[in-house]
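Reading through the structure tokens given below for one structure.
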Amino acid sequence: QVQLVESGGGSVEIGGSLRLSCVASLGTISRYAVGWFRQVPGKEREFVAAIPWRGNITYYADSVRGRFTISRDNAKDAVNLQMSSLKPEDSAVYYCAAVQAVGLWIRGSDYPYWGQGTQVTVSS
């Protein structure tokens with residue numbers, strides 16, 4: 001079992017950057033595949049990026065590919081989401097999620113463990 005905590009959210013101007021981090025407050029995240037999702041009030045949760053526990057491949061939603069980078073920092077037992085060239089439509093609550101399984105997982109229903117979320121707001 002693992003408990004996840006996100007950090008790094010905040011307000012940023014259009015075109016700016018933020019780095020979100022996901023760490024385990026209980027357990028270790030290093031043996032879990034991790035995904036980042038986001039949700040805007042009134043809309044369905046949206047997949048953003050995923051990385052397997054080995055960290056050897058990554059997968060992104062079309063809307064963020066080329067602007068966001070998901071990576072593992074095993075020294076800090078964290079999974080980061082580097083977000084660049086931010087747009088107003090990137091504003092949302094961002095969640096990290098984990099599943100103890102091999103491979104990449106892009107559906108929210110694949111993940112049993114979720115963090116509490118961190119707000120990202122992009123404005124002019």
Lys/Arg-Asp/Glu bridge criterion (N-O < 4.0 Å) met for Lys87, Asp90: no
Contact check, side chains of Val79 and Asp73, non-hydrogen atoms, under 4.5 Å: no
In one Ile/Leu/Val/Met/Phe/Trp/Tyr side-chain cluster, 4.5 Å: Val99, Val5: no
Side-chain heavy atoms of Trp114 within contact of Gln3, under 4.5 Å: no
same_hphob_cluster(Leu18, Val122) at 4.5 Å side-chain heavy-atom cutoff: yes
In one Ile/Leu/Val/Met/Phe/Trp/Tyr side-chain cluster, 4.5 Å: Met83, Ile106: no
Nearest non-hydrogen partners of Ser85 and Arg67, listed with the distance: O-NH1, 2.9 Å
Check: Tyr60 and Thr69 side chains under 4.5 Å, non-hydrogen atoms: yes
Nearest non-hydrogen partners of Val40 and Ala92, listed with the distance: CG2-CB, 3.8 Å
Any Pro88 side-chain heavy atom under 4.5 Å of Ile14 side chain: yes
Nearest heavy-atom neighbours spanning Leu4 and Gln116: O-OE1, 3.7 Å
Ring geometry between Phe37 and Phe47 (parallel below 30°, tilted from 30 to 60°, perpendicular above 60°): perpendicular
Minimum heavy-atom distance Trp36-Cys22, with the two atoms named: CZ2-CB, 3.6 Å
Heavy-atom neighbours of Glu89 CD exceed 12 at 6.0 Å: yes
Linked, directly or transitively: Tyr32 and Tyr111 (ILVMFWY side chains, under 4.5 Å): no
Inter-residue atom distance Arg72.CZ - Asn56.CG, 0.5 Å rounding: 10.0 Å
Glu13 vs Ser123, side-chain contact (heavy atoms from CB on, under 4.5 Å): CA-CA, chis, key distance, verdict: CA-CA 5 Å; Glu13 293 184 347; Ser123 59; 6.0 Å; no
From CZ (Arg38) to CD (Glu44), nearest 0.5 Å: 14.0 Å
Asp77 CG to Thr28 OG1 distance, which is reported to the nearest 0.5 Å: 3.5 Å
Atom pair CG (Leu86) and OG (Ser11), whose distance is rounded to the nearest 0.5 Å: 11.5 Å
Heavy-atom side-chain proximity of Phe68 to Ile70 below 4.5 angstrom: no
Ser30 and Asn74: side chain donor to acceptor below 3.5 Å: no
Straight-line distance of Ile51 CD1 to Leu104 CG, nearest 0.5 Å: 8.5 Å
Single-linkage hydrophobic cluster, 4.5 Å side-chain cutoff, Leu26 and Val2 together: no
Between OG on residue Ser84 and CZ on residue Arg19, distance to nearest 0.5 Å: 11.5 Å
Which atom of Val48 lies closest to which atom of Val64, heavy atoms considered: O-CG2, 3.5 Å
Shortest non-hydrogen contact between Tyr94 and Glu6, atoms and distance: O-OE2, 4.0 Å
Over 12 foreign heavy atoms within 6.0 Å of CZ, Arg54: no
pair Leu20-Thr118: side-chain heavy atoms closer than 4.5 Å: yes
